[in-house]
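Working notes, beginning with the structure itself.
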Amino acid sequence: MSTAAMVYQNCVDDFWAAMQSHGLACQDKPIDDGILRRFYVEGDRRGSKNGWYVLYGDGLPAGSYGSWKTEETVTWCAKPVGQLTPQERQENAARIAAIRRQREVQQEIRWKQAAKESSEIWKQAPPAPLDHPYLKRKQVKPHRLRYDKNRLVLPLRDHHGSLHSLEFISRNGDKYFKSGG
């Protein structure tokens, strides 16, 4: 078996071990397909998925992982950076640049879709009721808030007034944002 094949064979296990050493291991073994994946981090709020990773198994296996809650990011490579040849460094830099461009395009598409969905929800939602439990507890009026599926709906707009996303507040005060926004 070639050295490259041995490195590739162990990359998922090595990446997973590196994640574990930082206390950021996902429950299931990582997948080396280049897709950003979220996972629960031990000790975080139940049901949250603040952990993330992306692992590329093609070429020289590399990836990164971290926590959105702690803003920690760790990069990983199957081969120590100091041992990369100039050609490997150049190929790796080109691959990273291409992946970054592709991810930016995909993110832009997700944001546009979320803005479109948010706009539809906002248009269809009636004004928030005065007696919503969260508003009563906070002793505030709904002002221009709206109401959808027992949740208060708050618009998230840019400085031009364009709606990009929504924040939802449940009856008991749980807050979350529109997915993809």
Side-chain angles (χ1 to χ4, degrees), residues 15 19 24 26-41 43-59 62-76 93-181:
F15 183 76
M19 291 174 71
L24 291 171
C26 49
Q27 186 175 11
D28 299 319
K29 198 175 253 195
I31 301 168
D32 60 347
D33 59 2
I35 295 174
L36 182 72
R37 298 183 184 276
R38 298 180 69 167
F39 61 91
Y40 170 74
V41 175
D44 282 355
R45 188 181 56 137
R46 205 169 173 77
S48 67
K49 290 190 173 184
N50 293 324
W52 60 270
Y53 77 85
V54 60
L55 177 60
Y56 299 90
D58 58 332
S64 59
Y65 55 90
S67 167
W68 279 301
K69 181 179 177 181
T70 64
E71 298 182 10
E72 178 180 12
T73 297
V74 180
T75 57
W76 177 89
R95 185 173 84 170
I96 289 169
I99 290 166
R100 184 173 287 131
R101 282 190 304 274
Q102 181 184 19
R103 186 172 293 133
E104 287 169 356
V105 167
Q106 291 170 343
Q107 182 63 56
E108 195 66 37
I109 291 167
R110 282 192 299 273
W111 283 338
K112 286 180 182 178
Q113 182 62 33
K116 181 180 174 184
E117 292 169 4
S118 295
S119 181
E120 288 303 312
I121 292 169
W122 184 253
K123 285 177 190 174
Q124 295 176 12
L130 291 168
D131 65 345
H132 188 277
Y134 179 78
L135 297 175
K136 287 175 72 175
R137 228 177 13 265
K138 294 293 184 175
Q139 299 179 357
V140 295
K141 295 180 181 177
H143 298 283
R144 295 186 182 122
L145 299 182
R146 302 225 176 144
Y147 190 68
D148 179 64
K149 299 178 184 172
N150 292 322
R151 311 168 297 186
L152 295 173
V153 182
L154 293 77
L156 300 175
R157 300 179 186 274
D158 63 20
H159 63 283
H160 298 293
S162 299
L163 180 66
H164 290 274
S165 190
L166 299 170
E167 180 180 11
F168 302 98
I169 303 176
S170 70
R171 299 171 65 82
N172 66 0
D174 290 338
K175 298 175 184 176
Y176 55 97
F177 294 99
K178 170 85 177 88
S179 179

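The figures that follow rest on heavy atoms only: side chains count, while hydrogens, waters and symmetry mates do not.
- Annotation: the span from Trp122 atom CH2 to Lys178 atom NZ amounts to 15.0 Å, rounded to 0.5 Å.
- For the atom pair Leu135 CG and Lys141 NZ, the distance stands at 11.5 Å (nearest 0.5 Å).
- A distance of 12.0 Å separates CG in Asp158 from OG in Ser165, rounded to the nearest 0.5 Å.
- One N or O on the side chain of Arg38 and one on the backbone of Lys49 form a donor-acceptor pair closer than 3.5 Å.
- What you find for Ser64 and Trp52 is that their closest heavy atoms are OG-CZ3, 3.4 Å.
- The closest side-chain heavy-atom distance from Val41 to Lys69 is not below 4.5 Å.
- Counting all heavy atoms, side chain and backbone alike, Lys136 lies closest to Asp131 at CD-O, 3.3 Å.
- In terms of heavy atoms, His132 sits closest to Arg171 at CE1-CA, 3.6 Å.
- Note that NE2 of His164 and CZ of Phe177 are 14.0 Å apart. Values are rounded to the nearest 0.5 Å.
- Asp174 places no side-chain N or O within 3.5 Å of a backbone atom of Tyr176 that could act as its donor or acceptor partner.
- The closest side-chain heavy-atom distance from Trp76 to Val74 is not below 4.5 Å.
- How far CG of Asn150 is from CG of Asn172: 11.0 Å, rounded to the nearest 0.5 Å.
- Arg95 has its side chain within reach of Tyr56: a pair of non-hydrogen atoms, C-beta onward, lies under 4.5 Å apart.
- In this structure, Phe39 and Tyr53 have tilted ring planes: the angle between them lies in the 30° to 60° band.
- Residues Lys112 and Lys116 form no side-chain contact, since every pair of their non-hydrogen atoms from C-beta on lies 4.5 Å or further apart.
- Side-chain contact between Phe15 and Asp32 is absent, with no heavy-atom pair separated by less than 4.5 Å.
- Expressed to the nearest 0.5 Å, how far CE of Met19 lies from NZ of Lys29 amounts to 13.0 Å.
- For Tyr65, the side-chain hydrogen bond (donor to acceptor under 3.5 Å, both in side chains) partners are His22, not counting sequence neighbours.
- Residues Tyr40 and Gln27 are not in side-chain contact: their nearest non-hydrogen atoms beyond the backbone lie 4.5 Å or more apart.
- Of all heavy-atom pairs between Ser179 and Ala114, the closest is O-CB, 4.0 Å.
- The two residues Pro30 and Leu55 come nearest to each other via the heavy atoms CB-CD2, 4.4 Å.
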| query | Checking side chain to side chain contact (heavy atoms under 4.5 Å, CB included) for the pair Arg103/Val54: CA distance, chi angles, key distance, verdict? | reply | CA-CA 12 Å; Arg103 186 172 293 133; Val54 60; 3.7 Å; yes

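- Here the closest heavy-atom approach between residue Ile169 and residue Lys175 is recorded as CG1-CG, 3.8 Å.
- Between Pro142 and Leu152, the closest side-chain pair of non-hydrogen atoms is not below 4.5 Å.
- When side chains are defined from C-beta on, Leu145 counts as touching Leu154, because their heavy atoms get closer than 4.5 Å.
- Checked by atom type, the side-chain pair Gln107/Arg110 shows a donor-acceptor distance below 3.5 Å.
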